[in-house]
Amino acid sequence: QVQLVESGGGLVQAGGSLRLSCAISGRTFSSYAMGWFRQAPGKEREFVGTITRSGGSTSYADSVKGRFTISRDNAKNTVYLQMNSLKPEDTAVYYCAARRQFGYSDSARGYDYWGQGTQVTVSS
């Protein structure tokens, strides 16, 4: 049984920073590419970014490029989402996801396991 647990969400003022963490258990962490998605009220879940199994490559949505950074520590079975220069429109529930197939994906359908989500609220 693979489990993903996000943490680090909260309330922050516009321009501030947060770092989300996602710990995975149950299988070898380095076997998975990891992704971050978010969902705001009344909106579809959207891609934020992804990182390959080794951590050697990342990809981001245009809306967060240059502000958000994904990293992973395979020794700690954890992936991170560093969010800087936060904007009110970044307010959403953020989800991490794990992908078994080789390579990464910007589609939610490309991921096999999901965390429960963590709320990020950015005040103006």
Side-chain angles (χ1 to χ4, degrees):
Q1 183 73 16
V2 177
Q3 292 184 321
L4 288 74
V5 179
E6 301 99 336
S7 61
L11 174 65
V12 63
Q13 288 189 332
S17 298
L18 280 175
R19 188 175 82 156
L20 306 184
S21 300
C22 173
I24 187 170
S25 62
R27 291 292 180 93
T28 304
F29 179 62
S30 59
S31 299
Y32 299 99
M34 300 297 295
W36 285 95
F37 290 77
R38 66 187 182 185
Q39 188 166 18
K43 294 188 177 181
E44 297 286 322
R45 188 169 298 190
E46 67 171 355
F47 170 74
V48 173
T50 183
I51 188 167
T52 53
R53 296 176 181 184
S54 67
S57 183
T58 55
S59 179
Y60 300 93
D62 288 343
S63 58
V64 306
K65 202 171 293 182
R67 300 187 298 122
F68 290 11
T69 303
I70 297 175
S71 61
R72 65 189 295 161
D73 186 335
N74 285 349
K76 295 183 178 179
N77 289 0
T78 302
V79 62
Y80 305 96
L81 179 65
Q82 177 66 44
M83 304 185 294
N84 298 328
S85 302
L86 282 161
K87 305 175 181 180
E89 51 263 43
D90 294 318
T91 295
V93 177
Y94 283 71
Y95 299 89
C96 69
R99 170 180 167 86
R100 291 177 297 185
Q101 294 184 30
F102 185 76
Y104 52 59
S105 173
D106 61 2
S107 170
R109 289 176 294 180
Y111 292 82
D112 303 287
Y113 305 102
W114 291 82
Q116 82 289 349
T118 185
Q119 177 71 47
V120 171
T121 302
V122 184
S123 63
S124 57

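All residue numbers refer to positions in the sequence shown, counting from 1. This one's a predicted model, so the numbers in the text were calculated from it and none came from an experiment.
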Of all residues at least two apart in sequence or in a different chain, which pass the ring-ring contact (aromatic ring centres under 6.0 Å, His included) check with F47?
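Result, ring-ring contact (aromatic ring centres under 6.0 Å, His included) vs F47: F37.
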Can you name the side chain to side chain donor-acceptor pair (under 3.5 Å) partners of [X], sequence neighbours left out?
{"X": "Q101", "answer": "none"}
{"X": "K87", "answer": "none"}
{"X": "Q119", "answer": "T121"}
{"X": "Y111", "answer": "T50"}

When you look at M34 and I70, which way does the side-chain contact (heavy atoms from CB on, under 4.5 Å) test go after all the steps?
CA-CA 9 Å; M34 300 297 295; I70 297 175; over 6 Å; no
Is there any disulfide (SG to SG under 2.5 Å) pair reaching into [range], and which pairs are they, with sequence neighbours excluded?
{"range": "residues 33-95", "result": "none"}
{"range": "residues 72-124", "result": "C22-C96"}
{"range": "residues 39-82", "result": "none"}

When you measure from the side chain of R53 to the backbone of S30, do you find a donor-acceptor pair of N or O atoms at a distance under 3.5 Å?
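No, because the side chain of R53 does not come within donor-acceptor range (under 3.5 Å) of the backbone of S30.
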Looking at R72 and G55, would you say the former's side chain and the latter's main chain have a donor-acceptor pair under 3.5 Å?
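No.
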Could you list the residues that satisfy side-chain contact (heavy atoms from CB on, under 4.5 Å) with S107, not counting sequence neighbours?
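Per chain and number, S107 pairs via side-chain contact (heavy atoms from CB on, under 4.5 Å) with S105, R109.
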Sequence neighbours excluded, which residues qualify as salt bridge (Lys or Arg N to Asp or Glu O under 4.0 Å) partners of E46?
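Residues passing salt bridge (Lys or Arg N to Asp or Glu O under 4.0 Å) with E46: R38.
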Taking salt bridge (Lys or Arg N to Asp or Glu O under 4.0 Å) as the test, write out the residues that go with D112, two or more places apart.
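By the salt bridge (Lys or Arg N to Asp or Glu O under 4.0 Å) rule, D112 matches R100.
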Hey, what's the ring geometry for Y113 with Y32, parallel, tilted or perpendicular (30° and 60° as the breaks)?
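Plane angle over 60°, so perpendicular.
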Does the side-chain contact (heavy atoms from CB on, under 4.5 Å) test come out yes or no for W114 and R45, once each step is laid out?
CA-CA 12 Å; W114 291 82; R45 188 169 298 190; 3.3 Å; yes
Could you name each residue pair satisfying side chain to side chain donor-acceptor pair (under 3.5 Å) that touches residues 11-23, not counting sequence neighbours?
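Of all non-adjacent pairs touching residues 11-23, those that pass side chain to side chain donor-acceptor pair (under 3.5 Å) are S17-N84.
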